[in-house]
2 protein chains.
Amino acid sequence: METTRQAERQRSAAERRRRELLEAADRVVLRDGPKASMNAIAAEAGITKPILYRHFGDKGGLYRALAKRHTDSLLSALRAALDAPAQRRERVEATLDTYLAAIEARPQVYRFLMHPSDDAAPAPEQGFDVGRHSAPLLRRLGEELGKVIAERVDLGPGNEQMARIWGHGIVGMMHAAGDWWLSDRPCSRAQLVRSLADLLWGRLAEAGDRPGGPGF
Amino acid sequence: METTRQAERQRSAAERRRRELLEAADRVVLRDGPKASMNAIAAEAGITKPILYRHFGDKGGLYRALAKRHTDSLLSALRAALDAPAQRRERVEATLDTYLAAIEARPQVYRFLMHPSDDAAPAPEQGFDVGRHSAPLLRRLGEELGKVIAERVDLGPGNEQMARIWGHGIVGMMHAAGDWWLSDRPCSRAQLVRSLADLLWGRLAEAGDRPGGPGF
DNA sequence: AACGTACGTTACTTGCGGTAACTACAGTCT
DNA sequence: AGACTGTAGTTACCGCAAGTAACGTACGTT
């Protein structure tokens with residue numbers, strides 16, 4: 001009975017298929033933005049809907065698989081920027097710039113990841129489950145950055161907790177500023193990067209009140 | 001011909017009706033979260049769908065009207081915190097705390113505002129329209145905070161531009177950290193507020209590298 | 001009395017997520 | 001060889017929500 005070798009072959013074939021499907025989905029998302037429908041994706045892959053559902057369960061599953069690919073890729077780029085041999089501030093700037101360059105290069109994918117039209121919340125749960133399914137990309141980035149900060153920066157007591165908070169906060173800052181910048185393009189990328197780094201570097205605390213104003 | 005007085009009466013009646021509809025929508029959103037359907041909202045208001053469409057055009061219109069109400073209310077609370085007679089840091093902490101208390105008190109509304117299941121993007125525009133319809137609440141908060149910073153803080157040349165960037169960045173930080181905190185509840189609200197204020201106050205720049213690590 | 005207009009309804013279309021039931025073909029067991 | 005099992009694939013359907021068309025009705029204007 002050669003079941004094991006056979007099973008192995010079939011499993012790897014299934015994985016190849018899965019990658020093909022993901023690439024097709026990617027193309028459609030690139031083309032249609034976040035309104036990409038399961039039908040359209042299946043058509044692009046040359047098959048029909050039920051197969052997608054066999055592979056990914058539901059739309060949320062396909063979304064998660066797609067998101068994981070892009071998030072992994074983005075995350076490795078960010079890690080590289082964060083690990084470059086340079087001063088802390090330069091590395092922070094490089095990381096911001098890497099993120100912004102990425103969302104600038106593939107806005108459709110970015111939009112799909114950030115604003116999934118729907119998520120997997122079939123139960124009309126009435127409780128406080130807010131955000132459980134919300135943008136996993138941001139969550140993951142925040143969590144990862146929190147870890148990095150916790151292991152590299154000395155924040156004294158309560159280190160880990162504060163590092164997580166900062167991770168999510170910094171990622172959120174980057175995201176919101178990037179989202180706004182991408183749609184309005186009010187300045188160059190470099191300028192945006194510099195301003196955000198300045199913010200993180202405490203210029204808000206150092207800046208004086210404006211003459212005549214009530215202060216801030 | 002008494003058309004003007006008549007028209008006036010009818011207009012004000014329509015506005016009253018509109019407010020009633022918005023309040024009904026509010027109740028449904030409170031109850032059902034972001035999955036509230038137009039049918040459900042109409043039923044709650046004691047009427048049927050087409051009337052909603054006559055008043056608000058489409059779901060996006062209803063969403064915008066609802067969002068405006070809550071955003072206005074939140075914004076005035078935030079302004080109050082920002083205008084209190086105290087030192088800058090205390091005011092920033094009060095503002096953060098006000099925001100977090102608001103999302104903590106009404107998570108369903110918050111979720112509806114932040115994660116609208118869909119928006120009004122009928123055109124299959126393929127260009128770079130990313131984020132044009134994305135979370136208006138955050139945009140508006142960022143824009144307002146940017147104005148406040150620009151008029152109160154002295155940032156030297158490029159004041160206005162940098163103030164806008166900071167406005168969106170700070171709002172994004174607050175939002176992402178709040179979203180994460182609301183779902184995981186890893187610490188008290190006060191602690192979160194303190195940590196975020198510390199971040200804004202430049203503790204990232206001041207902190208030393210951790211012993212043994214590659215620095216940050 | 002006839003008319004326009006705003007309010008309201010029922011009943012429909014369209015489109016999407018998701019599923020059930022069936023077909024075709026590979027390799028395996030007796 | 002021929003029955004057995006499982007997997008990729010199909011068509012055809014369900015349920016549901018957004019949005020619309022056509023129709024009815026009350027009321028102030030002329």
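Per chain, numbering begins at 1; letters A, B, ... match sequence-line order. The basis for the numbers below is simple: all heavy atoms, side chains too, and nothing from hydrogens, waters or symmetry mates.
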Would you list the protein and nucleotides 10-12 of chain D atom pairs, both N or O, that sit under 3.5 Å from each other?
| from | atom 1 | to | atom 2 | distance (Å) |
| --- | --- | --- | --- | --- |
| D:dT10 | OP2 | A:T48 | N | 2.9 |
| D:dT10 | OP2 | A:T48 | OG1 | 2.4 |

Next on the checklist: Strictly below 4.0 Å, N to O, side chains only: are B:E143 and B:R140 in salt-bridge contact?
Outcome noted: no
For [X] and [N], what is the distance between atoms [atom1] and [atom2] respectively, to the nearest whole Å?
X     : N      : atom1 : atom2 : answer
A:E15 : D:dA8  : CD    : P     : 12 Å
A:R18 : D:dT7  : CZ    : P     : 16 Å
A:H55 : D:dT7  : NE2   : P     : 11 Å
A:R17 : D:dA8  : CZ    : P     : 9 Å
B:L21 : C:dC7  : CG    : C1'   : 12 Å
A:I41 : C:dG17 : CD1   : C1'   : 12 Å
A:L62 : C:dC16 : CG    : P     : 15 Å
A:Y63 : C:dG17 : OH    : C1'   : 17 Å

Is a side-chain N or O of [X] found less than 3.5 angstrom from the main chain of [Y], in a donor-acceptor match?
X      : Y      : value
B:T98  : B:A94  : yes
A:S195 : A:Q191 : yes
A:H70  : A:L66  : yes

Next on the checklist: Just to verify, what does B:W180 make a ring pair (Phe, Tyr, Trp, His ring centres under 6.0 Å) with, not counting sequence neighbours?
Outcome noted: A:H168
Next on the checklist: So if I take every side-chain heavy atom of A:S37 and compare against D:dA18, C:dC16, C:dG18, which nucleotide ends up nearest?
Outcome noted: C:dC16
Name each donor-acceptor pair under 3.5 Å that joins a side chain in residues 37-44 of chain B to protein atoms two or more places apart or in another chain, with its distance.
| from | atom 1 | to | atom 2 | distance (Å) |
| --- | --- | --- | --- | --- |
| B:S37 | OG | B:N39 | N | 3.4 |
| B:S37 | OG | B:A40 | N | 3.0 |
| B:E44 | OE1 | B:R31 | NH2 | 3.0 |
| B:E44 | OE2 | B:R27 | NH1 | 2.5 |

